[in-house]
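Chain identifiers are assigned alphabetically (A, B, ...) following the order of the sequence lines, protein sequences preceding nucleic acid strands; residue numbering begins at 1 within each chain. Computation of the quantities below employed the complete heavy-atom set of this structure, encompassing side-chain atoms and omitting hydrogens, waters and symmetry-equivalent molecules.
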Amino acid sequence: MPELPEVETTRRGIEPHISGKKISELIVRERRLRWPIPASLESQLAGQEILGVERRGKYLLLRIAKGSLIVHLGMSGSLRVIAAGSDDALKTHDHFDLVMADSTRLRYHDPRRFGCALWQAHPVSEHPLLAALGPEPLAEEFNAEHLFARSRGRKAPIKTFVMDSKVVVGVGNIYANEALFFAGIHPKRAAGKLSLARCEVLVAWIKRVLAQAIEVGGTTLRDFVGGDGQPGYFAQSLQVYGRGGEPCRSCAKPLKEIRLGQRSTVYCTQCQR
DNA sequence: AGTATCTCCTGCGTGC
DNA sequence: TGCACGCAGGAGATAC
């Protein structure tokens, strides 16, 4: 599932192929995503130039002069660029194509339809989905003091807490599991009980794990033209996610798997306290 | 306000 | 080979 590193890799992959180009049309085949694709979207986009592709959390923002196209990949979404002239057979769940004036296509594919494609006039940060978001995990604003201050008095498990997009964006289930392992913090520990020093360690690992995944994604997913555009998983070796029952890579004790907020949570009972 | 639960959806693995 | 089933999960909506 696209986590922040996949979304950032997607952004970097598609940006050079569509930025600066004029949109000729939007072709929608299936409007029923997480929210219906707005009926006015085709007319909003036609004839407009794409000024750039940005990212906020896991939302991709295609900037045009009068507003932004907001795209989320949900659980199973992907975008691929189809170069002008190349024929790329339409697959099931290819829900829309953004067609450029030079015939380059940006094709959205999403089997589970948990993603979305929405419109927001400037400023895009005022869209209800974006307005209350916390800082970017790799930005300076996400630091130990922020995590410490925000978590005081909170009884929620630290894993649930760091996955809350109002606290910090883009920390999905996989990377929350991984960062907590590296930080040596038990996922069920009450967020409000974490010391400033441990917040420091956790923040550092969240940044490190995400940055490393982006680096790996950058090499794995260089080619966004052709192919199936499926990001898949990163070649990085996961320490705990998906390894319940298998030996801890640090102490060899079998990893424990539990459910936390309906999410699969894996940790080492010995290394994480 | 904080917390827990429900919800959307399809592909995949499992058991018979 | 086919079917029913359970499960996975981002994150907003809803109910306490």
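- Side-chain contact between A:Leu133 and A:Lys166 is absent, with no heavy atoms from C-beta onward closer than 4.5 Å.
- Under 4.0 angstrom from either OP1 or OP2 of C:dA8 there lies at least one side-chain N or O belonging to A:Arg259.
- The shortest distance between side-chain heavy atoms of A:Leu45 and A:Leu69 falls below 4.5 Å.
- Toward the 5′ end of DNA chain B lies the nearest nucleotide of A:Ala156, the other residue of the pair A:Thr92 and A:Ala156 mapping further downstream.
- Rounding to whole angstrom units, CZ of residue A:Arg112 and P of B:dC9 are separated by 13 Å.
- Here the side chain of A:Tyr241 is nearest to one of B:dG2, C:dA8, B:dT10, namely C:dA8.
- Grouped with A:Val99 in one hydrophobic cluster are A:Ile27, the linkage being side-chain heavy-atom contacts under 4.5 Å among Ile, Leu, Val, Met, Phe, Trp and Tyr residues.
- At a threshold of 4.0 angstrom between heavy atoms, the contacts of A:Ser264 are confined to the sugar-phosphate backbone, with no base atom among them.
- Checking each of A:Arg29, A:Arg113, A:Arg80, A:Arg105 against A:Asp94 for a salt bridge (Lys or Arg N to Asp or Glu O under 4.0 Å) leaves exactly one that passes, namely A:Arg80.
- Axis angle, first five pairs versus last five pairs of the helix from B:dG2-C:dC16 to B:dC16-C:dG2: 40°, rounded to 10°.
- Near-neighbour residues of DNA chain C inside residues 121-128 of chain A, defined by a heavy atom below 4.0 Å, are absent.
- Using a 4.0 Å cut-off between a side-chain N of Lys or Arg and a carboxylate O of Asp or Glu, A:Arg11 and A:Glu54 do not qualify as a salt bridge.
- One interatomic measurement links the two molecules: NZ of A:Lys159 to P of B:dA4, which rounds to 13 Å at whole-angstrom precision.
- For the pair A:Arg152 CZ and B:dG2 P, the computed distance is 14 Å after rounding to whole Å.
- The side-chain heavy atoms of A:Cys268 and A:Ser250, taken from C-beta on, include no pair separated by under 4.5 Å.
- Here ring pair (Phe, Tyr, Trp, His ring centres under 6.0 Å) pairs that include residues 24-47 of chain A, with residues two or more places apart or in two chains, number zero.
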**Per-nucleotide protein contact string for nucleotides 10-16 of chain C (B base, S sugar-phosphate only, - none; heavy atom under 4.0 Å)** = BBB----
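- For the pair A:Lys91 NZ and B:dG11 P, the computed distance is 13 Å after rounding to whole Å.
- In this structure, A:Arg150 fails the cation-pi test against A:Phe148, since its NZ or CZ atom is not both closer than 6.0 Å to the six-membered ring centre and inside 45 degrees of the ring normal.
- Applying the 4.0 Å criterion to OP1 and OP2 of B:dC9, one finds that A:His93 has every side-chain N and O outside that range.
- Atom CZ of A:Arg113 and atom P of B:dT7 are 17 Å apart (whole Å).
- The stretch residues 52-91 of chain A participates, sequence neighbours left out, in these ring pair (Phe, Tyr, Trp, His ring centres under 6.0 Å) pairs: A:Tyr59-A:His72.
- Classification of the A:Trp205-A:Phe182 ring pair by plane angle, with boundaries at 30° and 60°, yields parallel.
- When the P atom of C:dA8 is taken as reference, atom CG of A:Asn177 falls 12 Å away, rounded to whole Å.
- The backbone N or O of A:Val171 sits nowhere less than 3.5 Å from a side-chain atom of A:Lys58 that would complete a donor-acceptor pair.
- With A:Gln272 contributing its side chain and A:His186 its backbone, the two residues share no donor-acceptor pair below 3.5 Å.
- Distance, A:Asp110 CG to B:dC8 P: 16 Å, rounded to whole Å.
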